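As structure tokens, the structure follows; a few thoughts come after it.
Source: prediction; values computed, not measured.
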Amino acid sequence: MRKLLLMAVAVCCSAPIFAQTDVQPVVGGYEGNLYVNVGSADYVEDNDLRMYAKVFVNASEDATGKVDFSLPNFSFMGLKLGDIFLPTIGLNAQNGVYTFGENPEVRLTFNTQEIGTILADAKLDDAQTYVKGDSIVAYIPVKWVMDETSKTPIAVLFKGARVNPYALSNYNFNDATRWEQSRPWDSTHGYFDWTALEDNDEYWESSKWQMEDYTTPDAWCISHVMGMSGLGATVVGAKELTNGDEENPDYAVRLTNTPNPFMPTQVVPGYMTLGTSFASASVSDLGKADGGTFGGVAFTGKPDAIQFDYSRSHTQAGDTLYAAEVINSEEPATVVAYLWKGQYKQEAVPGETNYADPSTVTMYGRERNILDIKTTTGGAATKSDDAACIAKVVKSITGNVEGKLETMVVPLDYGKYAGTDVQPDSLNIIFAASDYFGQRSKVGAGNALVVDNVKLLYYHAIKDASYNGQEFEFGASHAADFSTEAYVPANLQFTKVGQGATVEQSYNDETGVLTITVKGQDVRFNPESVTVYTIQFDAAKTAIAGVKADAAAEAAPAVYGIDGRRLAAPVKGANIIGGKKVIK
């Protein structure tokens, strides 16, 4: 028996020990196309089935070396179901390709408004699902459980790429599948529940708009309002085809200041935000109408500027479409952007339209609090100890630009945080057809702002270069010539351009060329976000300058005997060494 135990221990000890797969290379969010084929186990890539979606691969909290796979907001055939969450799945890596291990079916419960509770079983197809580089292909066999003996197959296929954490989601608005039904928010009901109006034919017959008019581009919130449970609802934005090609559309967002259909002198400002828009008014005291934006998106990048395409138009005096008192042909449009960290909150902020005394909420991340702009409504505003507005811009857009789109670049002001290591955790951007922080009574009816191709710019350059105190500029090829000078690192000075940029320097002793590589913060996802500078120095002089002569050997003191004769080395007895008597 003892011999058998020893043999078993020996076998176990001799078995190879495999390291757990590092899951970090695949962890993150991915966005792309989702294909859902109901009633079949066959995966198909049919554009008629295509939907935009995101999936997430996260390190599992329950098991080291494993991941959780999730597909939020899963839907098909108009049914909004919920999240598919598949936990603790193993990961294998080979030749840069990551595959997923075997995983059991997970029972999911979806509660739908249309048909009640739906049960489903789902798993990740380990034979076909993989991540390679920044791309993911996920096969998800789902079974709709009618009962334990009857299950309808649903083949779900996702193909996508890693989300660029330094870019804006849905920045060009072109994908029609990424325009979704808007759900305006108010302080009593939260996000508007359309089921109350979906089948109300009487309402839609008397309404100025139809339900399909209330759309917003995914990731953005257009400031439509619902008034009081639909009474006074106003549409202030829509997609606009800019290239005339329905097959390959180029959409932009048109924002328009629009009068309330029941109170034409009350103009609802048209704007869109990465946060949530809100509006508040008391019918009994319309002078206290207010609104704006709260929240934003999680964000840790440090962009240097915002670039976008736009056009701008004003309603002119004499236009009979609007009452004369609500026309403002000089009103500027506005772009607002800010990066912040920590928590800002304000008590008792009104956030709905009511006959009197709109309900209030504690609001987090209100734009005026973060930008330190006075509020006319709401209670006490406080912030956490670590809260800070790290960068901001409030830019007015004046004049008219019609019939075409022009490009504008708006730099962000980092103020005292410029060049520091302080990192933001949130971002918001607002585009408004009105003077966003101006008086509500001055909002001009019909004034419009069209916005497209919103991008964050990350600079990667150097400026104010000098050598030995001599200022110089790089040529068109980003090269400079100091071929008569020896290269001494301390003599070169320059300033980095790019809040999140990094600078690398390398010197070639043989050629005398110094290479300076400046990488923008987004270079991981944008290979063009890099600039390489070269400076030619005198390699020979540099080499000579680097040579140091060996120190001369220290001369040994002379040694004499007691009789005054010079000796080659001290002898036993008395010696005179360096003028001093030394006994050996």
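Pairs passing the ring-ring contact (aromatic ring centres under 6.0 Å, His included) check and including a residue from residues 279-304, sequence neighbours excluded, read W185-F294. Residue pairs satisfying the ring-ring contact (aromatic ring centres under 6.0 Å, His included) criterion with at least one member in residues 398-455, sequence neighbours excluded, are listed as follows: Y271-Y436, F308-F431.
A salt bridge links E504 with K519: at least one charged nitrogen is closer than 4.0 Å to a carboxylate oxygen. Note on R178 versus E180: no salt bridge recorded, every NZ/NE/NH1/NH2 to OD/OE distance being 4.0 Å or above. Look at D290 and R366 and you find a salt bridge, because one of the NZ, NE, NH1 or NH2 atoms lies within 4.0 Å of a carboxylate O, short of that distance.
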Checklist entry - side chain to side chain donor-acceptor pair (under 3.5 Å) between S359 and S187: does it pass, once the steps are laid out? => result CA-CA 6 Å; S359 65; S187 52; 2.8 Å; yes
Item to check | side chain to side chain donor-acceptor pair (under 3.5 Å) assessment of D481 paired with Q536 | outcome: CA-CA 5 Å; D481 187 1; Q536 179 67 65; over 6 Å; no
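Atom CD of E330 sits in a sparse spot, with 12 or fewer heavy atoms from other residues, nucleotides or ligands closer than 6.0 Å.
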Side-chain donor/acceptor pairs under 3.5 Å, residues 378-396, sequence neighbours excluded:
from : atom 1 : to   : atom 2 : distance (Å)
S384 : OG     : Q343 : N      : 2.9
S384 : OG     : D386 : OD1    : 2.6

Between side-chain atoms of residues 315-326 and protein atoms elsewhere (two or more places apart, or another chain), which donor-acceptor pairs fall under 3.5 Å?
from : atom 1 : to   : atom 2 : distance (Å)
T315 : OG1    : A445 : O      : 2.9
Q316 : NE2    : H314 : O      : 3.4
D319 : OD1    : L321 : N      : 2.8

What pairs of donor and acceptor atoms, side-chain ones from residues 452-463 against any protein atom, are under 3.5 angstrom apart with sequence neighbours left out?
from : atom 1 : to   : atom 2 : distance (Å)
N453 : ND2    : D309 : OD2    : 2.8
Y458 : OH     : Y166 : O      : 2.6
H460 : ND1    : T531 : OG1    : 2.7

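In the model, S466 has no side-chain atom that pairs as donor or acceptor with a side-chain atom of E471 under 3.5 Å. With 3.5 Å as the limit, one finds no donor-acceptor pair spanning the side chains of D218 and N170. Under 3.5 Å, the side chains of S434 and N447 contain no donor-acceptor pair of N or O atoms. Side-chain contact annotation: Q499 with D304, donor-acceptor N/O pair under 3.5 Å absent. Side-chain N/O atoms of E367 and Y338 include no donor and acceptor closer than 3.5 Å.
In this structure, the side chain to side chain donor-acceptor pair (under 3.5 Å) partners of Y191, at least two apart in sequence or on a different chain, are T276.
None of T215, D213, T216 except one satisfies the side chain to side chain contact (heavy atoms under 4.5 Å, CB included) rule with S182; the exception is T216.
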